[in-house]
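Just so you know, these numbers come straight off a predicted model, no measurement behind them.
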Amino acid sequence: MSYDFNAIEAKWQKKWLDTNAYSVTEDPSKEKYYCLEMFPYPSGKLHMGHVRNYSIGDVIARFKSMSGYNVLHPMGWDSFGLPAENAAIAHGIHPDKWTTENIAEMGYQLRRLGLAYDWDRELATCKPDYYKWTQWIFTQFYEKGLVYKKNAPVNWCPSCETVLANEQVVNGGCERCDSTVVKKNLSQWYFKITDYAERLLEDLEKLEGWPDKVKLMQKNWIGKSVGAEVSFKIDGSEKALDVFTTRPDTLFGATFMVLAPEHPFTNELTDGTEFEVPVRAFQQKLQHLSEIERTSTDVEKEGMFIGRHCINPLNGELIPIYIANYVLMDYGTGAIMAVPAHDERDFDFAKKYDLNVIPVVDPENADIDVNNLTAAFVAEGKMINSGEFNGMNNKEAIEKIIEKINGMGIGEKTINYRLRDWLISRQRYWGVPIPVVNCPTCGEVCLPEEQLPLLLPTDVEFTGKGQSPLTTSPTFMHTPCPKCGEMATRETDTMDTFVDSSWYFLRYCDARNDKEVFDKKKAEYWMDVDQYIGGVEHAILHLLYARFFTKVMYDIGLSPVDEPFKNLLTQGMVLKDGSKMSKSKGNVVSPDEIIKTYGADTARLFVLFASPPEKDLEWSEAGVEGAFRFLNRVWRLVEELMTERSEGAVNVNTKEEKELVYVLNKTVKKITEDVNGRFNFNTAISSIMELVNQGYHYKEAAKDELNQALINEFVEKLVIIIAPFAPHFSEELWEMLGHNESVHKVAWPTFDEAALVKDEVEIVLQVNGKVRDKVSVATSASKEEIEALALANEKVLNFMEGKSIVKVVVIPSKLVNIVVK
RNA sequence: GCGGGUGUGGCGGAAUUGGCAGACGCGCUAGACUUAGGAUCUAGUGACUAGUUCGUGGGGGUUCAAGUCCCUCCACCCGCACCA
């Protein structure tokens, strides 16, 4: 017979819900703890990744709460997005209906897992009471000059028929549907995240509680390069070509210039010349390539001379101008000075087109042989072929040459970032409408706060083709200009859903506020998020955008902090048979089924026990059964010991009793350390298992002479320390033990340091580093006593026979190593 | 190509400070209880040539002592990918 998890879980879930058990308010007398898991997209059903994510968060929240913190642990829905709209197109269900139903279903599943959320703060980004404030924040950013509209070549997914941010293009394909992304010229809205590039980079250092991996990924994504912009006069023209280089020291080695084929000078310099036709052909060819074909390092470098030259400002040499596929328009100035001797890419290109190679940096101990170069020399060295700079270390020359060109008025030190501005326009319905109208007289006008929320219209057609569905709504499109009252047209783009999730953690602080975005006082109490938990797939996108939003809102005076997440835990994936659970692979295990068969407590316990949180977790049906068996084992033990206990002071006499007290204290210490910041839930649970095993041993050994006060302490502490992991189970046992208050309101147990000191310790005896025997020694024994004991040990003597002692190493309370020869 | 990570029994994983490798769980073996056992309890379970043996991806090194530190090689995973 197993314990009746169905009845127990239903009973306590109802009670927690009816009593708002985990709802919190600001309480200045208590220290706060904000525990947050990345909110889900309501796709239909929870998957095991959710179960894992939320189980981890729940243990932390419950543990912190029992440790005396005022814990904010909210949940909500990232509920705008494409799948809802695709469902509308495919099945004729309105996205709002589809989403609402999914939220209901998944919300039920979350409650079924027994997660300790403050449901009073539940939010959904697709609801007007939330997106009103997303729109309002947009207008605040607009006022600060951090939002702008620009006509630019953008990443276009032909299948989703929408624009994608750079971050949403994965291997040249759409992050969502994998279709090949193409470039398209469109007028689009951007957030000026590049204005914050330096701070987003610098402040990574503040984030001590973040995994290095994530910080490094963000650092690389921001991609700061320090260098110089240099102006090269074009021969036979008044114009000059600007290039960015990180190696101004190699200026004398520039033997050709390369423009991106889209560079405005390309056409300007070739129009009406013999080069016009071939250049156009080359441009056309590149345009038809996908992003990945265009930019992959595997693609062979290709280009052509366009008939003109630049003049090297330092030595007056004429340098031919090329266009080539490997120079990108949207980084730096879209043009480079090519130094084949010291840059791999330029070297490859020069080899292919037989261009001049002039080395200007020599390795310290050898001379470069120009004629036999097989690769560019990219390391540090000594300047050569560089006029007045010869002999200098090249690092030093960087500074000197920048000084020089600065003095000539043709260049200066510059910093470039790989990070691009954040394109937020989406030609889609199911998102936040951009709160802007285009007025024939006033131009672009943001809606004032009293006109927000700008609601999504309902009279739209979902064709899945062409422009934003909002253009099909006659009631939406036309409106008086908020400034002059003349008839104007609305923006029809909606915002990228990453905008919605960039500030939701702030809204949780005051989720029901309909007067302002949130009460700053409340945000001051709760922010920052003490622990954020989610998948590593959000290492760049979501986490970078959320940091950006928080910084801007901090600068505007809205957010009390300029970094949102103090500590970040990135949990691994849930795998089955070695690969990620997916419908197409047919290896999905549904949380519902597991809960039905074993209960939520078992499901939680398994995902926490099977693997440390940041590693991938291999699903195992046998492992789930093991977790279930363990809970039953605890249940029986508590049930059997329940009647054998009595309150009162614990007197410990027998060896068995001492051992139980020792293990009990050790376990409390271990779990506290494992759960608190280290998040080793797997070892925390294994130590509870050891404690339970010890409980059985004690029961067996003591038979009829059970120490009733000790049993009471053991049973109660056992139930308490299991509480964060198996909340319903422990709640029921706690009630059976005669308590009226929830076990989750009980203070986390402390441990007695003194109980961890044993009278005797086991010492390992080694001869030449190999274990030969183990002996029990009084903990207080001196080094000399231990050594004497070791040297008198029969087994040790056996192994020393006929040899002489070289050295004896004694580590108190641990081991003795006798080195013999 | 660049950057980061991982590698321990039949399996998932422990070993937090250089100090007994394999905690805990799964699986397996045996016993007890039982009409029965896919329940439960108890015991055992790294390998073999059974040793003063070998063993943490391979090879080398430092140390009285190495999964842990150093060098080197291999395999797999993740991120970025012509960023001048």
Just the table, please: protein N/O against nucleotides 2-9 of chain B N/O, every pair under 3.5 Å.
none

Filtered N/O pairs between nucleotides 20-24 of chain B and protein, under 3.5 Å:
residue, atom, partner, partner atom, Å
B/rC20, O2, A/Lys774, NZ, 2.4
B/rA23, O2', A/Glu690, OE1, 3.1

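Comparing B/rC41, B/rC82, B/rG19 by their closest approach to the side chain of A/Asn817 singles out B/rG19. Which of B/rG79, B/rC64, B/rA84 sits closest to the side chain of A/Val809 comes down to B/rC64. Candidate nucleotides B/rC80, B/rU40, B/rU52 were compared by shortest atom distance to the side chain of A/Phe799, and B/rU52 ranks first. Nearest to the side chain of A/Arg633, among B/rC41, B/rC64, B/rA84, sits B/rC41.
Taking side-chain N and O atoms only, A/Lys770 has no distance below 4.0 Å to OP1 or OP2 of B/rG51. Between A/Arg636 and the phosphate of B/rC41, there is a side-chain N or O to OP1/OP2 separation shorter than 4.0 Å.
We find that CD1 of A/Ile222 is positioned 19 Å from P of B/rG79, with the value rounded to whole Å. Remark: C1' of B/rC41 and CG of A/Asn632 are 14 Å apart, rounded to the nearest angstrom. Note: CZ (A/Phe630) to P (B/rG13) measures 20 Å, nearest angstrom.
A donor and an acceptor atom sit less than 3.5 Å apart, one in the side chain of A/Arg678 and one in the base of B/rU16.
With A/Phe751 as the aromatic partner, A/Lys666 does not meet the cation-pi criteria of under 6.0 angstrom to the ring centre and within 45 degrees of the ring axis.
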